[in-house]
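Each chain gets a letter, A, B and so on, in the order its sequence line appears, and its residues count up from 1.
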2 protein chains.
Amino acid sequence: MSDTSAPSAAADGVDHRMPTIRDIAERAGVATSTVSRALSNPQRVNARTRERIEKIAAELNYVPSTQARGLSSGRTGAIAVLVPDVTNPFYFDIIRGTQNQLKAAGYTQLLVDTEEATDVELDALRRLRRTSDGIILAASRLTDAQLAEVAGRQPLVTINRATADAPTVLIDTPGAMVQALEHLASLGHTKVTYVGGPTSSWSTHRRWQAIQEAASRRNIEVTRIGPYAPKTLSGAAAADAALGTGATAFIAFNDLIAIGMLQRFRERGVRVPEDVSIVGCDDIFGADFCNPPLTTISSPIEQAGRTAVSMLLAQLDPLHGGTPRKLAVMPTYLQVRASTGPAKKA
Amino acid sequence: MSDTSAPSAAADGVDHRMPTIRDIAERAGVATSTVSRALSNPQRVNARTRERIEKIAAELNYVPSTQARGLSSGRTGAIAVLVPDVTNPFYFDIIRGTQNQLKAAGYTQLLVDTEEATDVELDALRRLRRTSDGIILAASRLTDAQLAEVAGRQPLVTINRATADAPTVLIDTPGAMVQALEHLASLGHTKVTYVGGPTSSWSTHRRWQAIQEAASRRNIEVTRIGPYAPKTLSGAAAADAALGTGATAFIAFNDLIAIGMLQRFRERGVRVPEDVSIVGCDDIFGADFCNPPLTTISSPIEQAGRTAVSMLLAQLDPLHGGTPRKLAVMPTYLQVRASTGPAKKA
DNA sequence: AACACACCGGCAAGCGATTGCCAAAAGTTG
DNA sequence: CAACTTTTGGCAATCGCTTGCCGGTGTGTT
C-alpha cells in the first residue's frame, strides 16, 4: 500500500469518496432532507422531484450508509439469527428460511453461532442489543429468566423453545414421537430407548416426555440414555450404550446422532433394520441417502425460519403485520424409510 | 421524542434507554472523549482514570454503538462473506471457518447468499460497500473485469476464484483431479466422463482442464457432460447422461451431484462400484455415509475460510498483518472410499 | 372571495461515537 | 530553577442521515 493519500482523489483520477445525500442534494438543487425523503419516504415528496433525485442517485451509484441511517433513525435494518451450531444441517434450513424472508423484507441477516454455549449466547445477545432490531433465537440454551430479560430488552422470537415472554415457533416433534412409537409398536417392538440430546436442550426434554406418555398408553417399555452431543461423532458412544439397554428400537434426539449410530452399528456388525431399528429426528440433508436411509421425523424447517421472521416483523411493525401471533406450531410427520423394521424375535 | 428530559425513566421504573459514553462521562466526571479513548485506545489514558471508567461502563452494562462508531471512524467492524448457496454443505465449512476467525479478530460476519446469480452478487457487493470493511467472496460468478472493479473499491479476498486483483485462496482440486484419474486408471478404467458444474463456475473449467491434461498423458479417453446445477437433484439427469457416454467412471463437479447420481444409479439398478465408478469432490458432510461411501477429493475447507480471513485482515491492517500473501493454495488429496472399483470388463 | 387544508420542501437539531488540536499538569534535564 | 518534553484530558468538529417543525403554494369548500 503506497498510495491511500492524495487530496481525497486517488492517483487514478477517480474520486473514491462515496457519494452522500449531500452530493445528490447539490446536484439536484434541493436540501438534503428532500433527498432523504425522496429516497426513503417516496410519497412524502413530489413525483417529479423524486424522479430527478432518483436519477441523480443512480448516476452517482449512491448507496445509503446503513450506519448513518441507523444512528439517526434508531433502526439498524438488521435482524440477528442465533443458532447453536452453523454446521448442523438442521439449522441450515432454518438459516435459509430466515435469510430469504429477511431479504424480502429488506433486512440484513446477522448470523451468529453460539457454539452450544450459554455464555457465548448471552454475550452475543448483549452486544446485539445495539446492533440489531430484533433477534431470532433457535434452540436457545437460556433459562426462562434469562430469556424473559432478553425479551424485555428487544423484540425476540424463539424457535423450538417455548417461553411466555416471546412469540415462539415450535416444531411439533413431540407429536411425531407418538407416531414414531406407534410405528415401532406395530412392528412388534416392545422395548424402546430414547437417545437424548444435550441436557440444556429444551427439545430433548419435551421429546422424552412425549415418548413416556405415549409409551405408557401402549404396551411399551421405554428407557433413556444420554446426554449426547448432537453430532455424528457422538453416535458411536450412543450406539454402544443403546445396545446395552436391551431395547430393539432406538429413537435418537436427532438425525446426526442417528446417522452416527448407523455407522457404528455397521462397524460392529449389527444390522439395521434386521437386528435393531432406528428413528431419527429432523430429516436433515443426508437422512435420505445414508445407509440404510433413515426413518425420521420430517418437518418444514425452512418454513419455521420464515414464520419466525414474519412473527418478528409483526412485532417490529404492529400496524403492518396484523395481529401478532404468539405461537406457531409446525406440523411434523414420520418419514418411514429403511432404518426401521420388524422387531427381532428374542 | 417526547421526553429525553426528566429522570428519563420508563413507566416501569427501569430506564430502557441504552447508556452512551456520555452517561459514563458524567458519572466519571470526565469528557466523552476521555471515555472514548479509555475504551478503545487504552494506552492513551491514565491507568487510574481508565479503570474508573471501565468500572462504570461495566456497571452500566454499556455496549458501544457500532453504528456511531462506524460513522465517525469510517470502519464498520463487519466483514461480508458471500457464498453462492448457504445450504450447500461445502460452504458450511467455509462459513464456520470464517466465522471463527472473524469472531476471534473482533469482527462481525455478514453472511450473504448470492443464490448462484451474478446480479444478486453484484447487488450485494454494491450495498456492502458501505456496510462492511471487506469482502470474502467464495466461488464468485463474476467476470474478471467485474472482480477487478470490486477489488478496486474495497478490500477483497476470493476463494476458489483466482484473479490478479485480489488475494486468493485456492483449493487445489485440479491437482487432486490428477490423483483421481490415476486412481481410476490403475483400476483399469479407460473411458472417464467429467460431470461439469455451472458454466459460470471458474472451478469447473479448471478441473476440466486439469483432467484433460492428465488424461492426455495417460491412456485415458475423457469426455465431458453438463452443465449441471450443484445440487443432489441434478444428479438424476447427470447419471442418465453419464451412462450414455459409455464411460465406466465418472468424476463429478462436486459431491452433491455425485450423491444424486448414486441415488439415481440405485434406482436404475446400476451397481456402484461394480458397474460404474464415481468420484466426487469436496468431501462434504454426507460423503462418508452415503451408499456406497463416496470416493472424493478432500481438503481442509474450514481452514480455507480461516486463511481467507487472515489474508483479508492483513489487507485491512498492513502493519499488524505482516506481508500480505497474495495466494494460498489448500492441499487436497483423494479420499478413497467405496464408490470406485475395478472397471467392468466390456 | 375567504378560509381550510393538504402538499411539498427547507431548516436545523440531533443520533453516539471518534479524533485533531490544544492547553494544563507532570516529569526531565542541565 | 528555568526550559523542555511528555502525559493526560477537554473542546468541538465531524461522520451521513432522519425527522419534527415551519412556512409558502396550490386546491377545494362554502
Side-chain angles (χ1 to χ4, degrees), chain A residues 8 16-54 56-57 60-78 106 127 129-131 133, chain B residues 1-5 8 16-54 56-57 60-78 106 127 129-133:
Chain A
S8 81
H16 271 202
R17 202 178 49 79
M18 311 255 191
T20 71
I21 51 168
R22 198 167 151 175
D23 298 317
I24 301 179
E26 276 169 14
R27 284 237 197 344
V30 297
T32 60
S33 50
T34 305
V35 176
S36 172
R37 284 193 274 254
L39 261 25
S40 50
N41 204 352
Q43 78 286 11
R44 180 64 176 70
V45 115
N46 184 291
R48 268 221 313 288
T49 329
R50 168 159 47 82
E51 275 160 25
R52 189 156 41 98
I53 290 176
E54 280 169 349
I56 296 179
L60 260 39
N61 198 8
Y62 168 76
V63 181
S65 154
T66 358
Q67 317 261 16
R69 199 196 287 260
L71 188 53
S72 55
S73 70
R75 280 168 266 110
T76 66
R127 51 173 33 93
R129 225 162 67 207
R130 286 302 269 279
T131 313
D133 292 345
Chain B
M1 313 293 157
S2 50
D3 54 25
T4 28
S5 57
S8 69
H16 270 203
R17 200 178 50 80
M18 310 256 192
T20 71
I21 50 168
R22 197 165 150 177
D23 298 317
I24 300 179
E26 277 170 12
R27 285 239 199 337
V30 297
T32 59
S33 49
T34 305
V35 176
S36 172
R37 286 194 271 254
L39 261 26
S40 51
N41 203 351
Q43 79 284 13
R44 180 66 176 69
V45 114
N46 185 291
R48 268 223 313 288
T49 329
R50 170 160 44 84
E51 274 160 26
R52 189 156 41 100
I53 290 176
E54 279 169 351
I56 296 179
L60 258 39
N61 197 7
Y62 168 76
V63 181
S65 154
T66 359
Q67 318 261 17
R69 198 198 289 263
L71 187 55
S72 52
S73 71
R75 279 168 268 112
T76 66
R127 51 172 33 94
R129 225 162 68 210
R130 285 306 268 279
T131 312
S132 69
D133 292 344

Among [options], which is the nearest nucleotide to the side chain of [X]?
X	options	result
A/Arg37	D/dT18, D/dT19, D/dC15	D/dT19
A/Leu71	D/dG16, D/dC17, C/dT18	D/dG16
A/Ser73	D/dG9, D/dG16, D/dT19	D/dT19

I'd like to know if [X] reaches the base of [N] with its side chain such that a donor and an acceptor end up less than 3.5 angstrom apart.
X	N	result
B/Arg50	D/dG9	no
B/Arg130	D/dG16	no
A/Arg52	C/dG9	no
A/Ser33	C/dC11	yes

(message) What contact category does B/Thr66 fall into here, base, sugar-phosphate, or nothing, at under 4.0 angstrom with non-hydrogen atoms?
(response)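 Nothing: the residue B/Thr66, judged by heavy atoms under 4.0 Å, touches no strand.
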(message) Need one value for A/Arg75: base, sugar-phosphate or nothing, where a base atom within 4.0 Å counts as base even if backbone is also close, heavy atoms only.
(response)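 A/Arg75: backbone/sugar contact only, no base atoms under 4.0 Å.
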(request) Step by step, work out the side chain to side chain contact (heavy atoms under 4.5 Å, CB included) result for A/Ser40 and A/Arg69. (result) CA-CA 10 Å; A/Ser40 50; A/Arg69 199 196 287 260; 3.7 Å; yes
(request) Strictly below 4.0 Å, heavy-atom distances to any atom of DNA chain D: list the hits from residues 21-32 of chain B, or just say none. (result)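 Contacting residues: B/Gly29, B/Val30, B/Ala31.
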(message) Going by side-chain hydrogen bond (donor to acceptor under 3.5 Å, both in side chains), name the pairs with one or both residues in residues 26-39 of chain A, residues two or more places apart or in two chains.
(response)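 Matches after skipping sequence neighbours: none remain.
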Tell me: [atom1] of [X] to [atom2] of [N], nearest whole Å?
X	N	atom1	atom2	result
A/Asn41	D/dT19	CG	C1'	10 Å
A/Asn46	C/dC7	CG	P	12 Å
A/Leu39	D/dC17	CG	P	9 Å
A/Arg69	C/dG14	CZ	C1'	17 Å
A/Arg48	D/dT25	CZ	C1'	14 Å
B/Gln67	D/dC17	CD	C1'	11 Å

(request) Return yes if some donor-acceptor pair links the side-chain N/O of B/Ser132 with the main-chain N/O of B/Ala78 below 3.5 Å, else return no. (result)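 It does not hold such a pair.
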(request) Answer yes or no: is there a donor N or O on one side and an acceptor on the other, between the side chain of A/Thr76 and the main chain of A/Gly70, under 3.5 Å? (result)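 The answer is no, because no donor-acceptor pair under 3.5 Å joins these two groups.
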(request) Mind running side chain to side chain contact (heavy atoms under 4.5 Å, CB included) on A/Tyr62 and A/Ile21 for me, showing each step along the way? (result) CA-CA 8 Å; A/Tyr62 168 76; A/Ile21 51 168; 3.3 Å; yes
(request) Please check the phosphate of D/dT18 (OP1 and OP2 only) for any side-chain N or O of A/Ser36 closer than 4.0 Å. (result)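 The answer is yes; a side-chain N or O of A/Ser36 sits under 4.0 Å from OP1 or OP2.
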(message) Whether A/Thr34 contacts C/dG10 is assessed here as follows: a side-chain N or O lying under 4.0 Å from the phosphate OP1 or OP2. Is that the case?
(response)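 So the side-chain polar atoms of A/Thr34 do come within 4.0 Å of the phosphate oxygens OP1 or OP2 of C/dG10, strictly under.
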(request) Evaluate the side chain to side chain contact (heavy atoms under 4.5 Å, CB included) criterion for residues A/Arg129 and A/Thr131: first the C-alpha distance (whole Å), next the side-chain angles of each, then the deciding distance (0.1 Å), finally the verdict. (result) CA-CA 6 Å; A/Arg129 225 162 67 207; A/Thr131 313; over 6 Å; no
So which protein nitrogen or oxygen atoms get under 3.5 Å of nucleotides 22-25 of chain C's nitrogens or oxygens?
none

(request) Go through the steps for B/Ile24 and B/Ile53 under the test side chain to side chain contact (heavy atoms under 4.5 Å, CB included), then give the verdict. (result) CA-CA 7 Å; B/Ile24 300 179; B/Ile53 290 176; 4.0 Å; yes
